[in-house]
Amino acid sequence: MNYWLVKSEPEEYGFQDLIDEEVGCWDGVRNYQARNNLRAMKIDDEVFFYHSRQGLEIVGIARVVREAYPDPTAEKGDWSAVDLSPIRWLSAPVSLKAIKSEPALSDMALVRNGRLSVMPISTDHHTLIMKMAGEDPS
DNA sequence: GCCAACGTTGGC
DNA sequence: GCCAACGTTGGC
């Protein structure tokens, strides 16, 4: 089981939209690093859902339900999409501010590379973030 | 809305 | 293959 984090502007496509859709196609990624991360996702991997621009916090958890396939929105180029399903809202959202003020999370890509929209999350970071979100680690 | 940081493009 | 110019992302 691997952990990931994806960013989306809630005005564009927020966690509520994923809940409404039940299965969301994660397409439109046009960055090679982000694309390669999408391709490394496996069924049932857990994905933190982060609201960028507005909110600036991790709000929910999703699950990979379909592994990488050709991005239907790509007219040219070699791009990939995955499908995600919502698991649940976090008990308490974890803000970027809280993440930045946690020394153990200072090497997260979210902090180091503000522009990467799909990134892996280490098990240690995942555990800590779940704790910060008031989630039972079990 | 601004602008810094980053990635990509294209001229040489 | 270098690097300046440009476009985009996303925090502030």
Side-chain angles (χ1 to χ4, degrees):
Chain A
M1 157 87 76
N2 288 304
Y3 302 106
W4 308 91
L5 181 146
V6 297
K7 290 182 184 176
S8 187
E9 298 188 31
E11 275 196 340
E12 203 68 33
Y13 189 91
F15 194 62
Q16 185 61 53
D17 295 308
L18 184 62
I19 287 175
D20 293 344
E21 279 199 323
E22 293 182 6
V23 176
C25 173
W26 208 260
D27 56 20
V29 169
R30 296 293 181 271
N31 170 285
Y32 290 109
Q33 209 181 335
R35 182 203 68 182
N36 293 342
N37 289 333
L38 282 182
R39 288 181 177 176
M41 289 184 179
K42 297 294 177 194
I43 293 280
D44 283 340
D45 280 357
E46 285 189 14
V47 181
F48 282 136
F49 198 110
Y50 176 82
H51 280 169
S52 64
R53 298 276 294 172
Q54 269 125 32
L56 307 187
E57 56 192 11
I58 301 170
V59 295
I61 317 169
R63 178 199 330 272
V64 177
V65 295
R66 184 178 173 193
E67 293 176 11
Y69 57 95
D71 185 339
T73 71
E75 293 180 2
K76 55 172 184 162
D78 184 20
W79 301 109
S80 294
V82 299
D83 287 353
L84 301 179
S85 278
I87 296 178
R88 63 176 181 278
W89 294 93
L90 290 177
S91 305
V94 179
S95 68
L96 180 64
K97 199 176 169 188
I99 289 168
K100 282 186 167 172
S101 62
E102 172 52 66
L105 298 177
S106 60
D107 57 340
M108 267 184 77
L110 189 68
V111 178
R112 282 203 337 274
N113 180 0
R115 304 182 36 142
L116 184 62
S117 60
V118 182
M119 67 191 78
I121 301 288
S122 74
T123 305
D124 287 351
H125 288 173
H126 178 266
T127 303
L128 180 52
I129 290 166
M130 289 298 271
K131 203 172 295 177
M132 291 164 75
E135 294 282 337
D136 190 326
S138 63

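Throughout, protein chains are lettered first and strands after them, A, B, ... in sequence-line order, and every chain is numbered starting at 1.
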TODO: Mind checking A:Lys100 for me? I need base, sugar-phosphate or nothing, with any heavy atom below 4.0 Å counting as a touch.
DONE: sugar-phosphate
- [ ] Starting from P on B:dG7, measure out to CG on A:Asn37 and report it in whole angstrom.
- [x] 13 Å
TODO: Please collect all side chain to side chain donor-acceptor pair (under 3.5 Å) contacts where either partner lies in residues 10-29 of chain A, sequence neighbours excluded, each pair once.
DONE: A:Tyr13-A:Glu21, A:Gln16-A:Asp20
Task: d(CZ, A:Arg30; C1', B:dT8) in whole Å - done: 14 Å
Task: Integer-rounded Å distance: C:dG10 C1' and A:Asn113 CG - done: 11 Å
Open item on the list: Side chain of A:Gln33 only, heavy atoms from C-beta on: which candidate in B:dT8, C:dG10, B:dG7 is closest?
Closed with: B:dG7
Open item on the list: Quiz question: by atom type and distance under 3.5 Å, do the side chains of A:Asn37 and A:Trp4 form a donor-acceptor pair?
Closed with: no
Open item on the list: If the cut-off is 4.0 Å, is A:Tyr50 near the phosphate of C:dG11, judged by side-chain N/O to OP1 or OP2?
Closed with: yes
Open item on the list: I need the CD1-C1' distance between A:Ile99 and C:dG11, as an integer number of Å.
Closed with: 13 Å
Task: Distance in angstrom units between A:Arg115 CZ and B:dT8 P, rounded - done: 9 Å
Task: Selection from B:dC2, B:dG7, B:dT8 that lies nearest to any side-chain heavy atom of A:Arg53 - done: B:dC2
- [ ] In whole angstrom, give the distance that lies between atom CD of A:Glu57 and atom C1' of C:dG10.
- [x] 15 Å
- [ ] Using a strict cut-off of less than 4.0 Å between a Lys/Arg side-chain nitrogen and an Asp/Glu carboxylate oxygen, indicate whether A:Arg88 and A:Glu135 qualify as a salt bridge.
- [x] yes
Task: Distance test, side-chain N/O of A:Lys7 to OP1/OP2 of C:dT9, below 4.0 Å - done: no
Task: Qualifying residue for side chain to side chain contact (heavy atoms under 4.5 Å, CB included) with A:Gln33, from A:Leu38, A:Val118, A:Asn113 - done: A:Asn113
Open item on the list: Just the rounded figure in Å: distance from C1' of C:dT9 to CZ of A:Arg112.
Closed with: 17 Å
TODO: Return the value, rounded to whole Å, for the distance between atom CD1 of A:Ile58 and atom P of C:dG10.
DONE: 14 Å
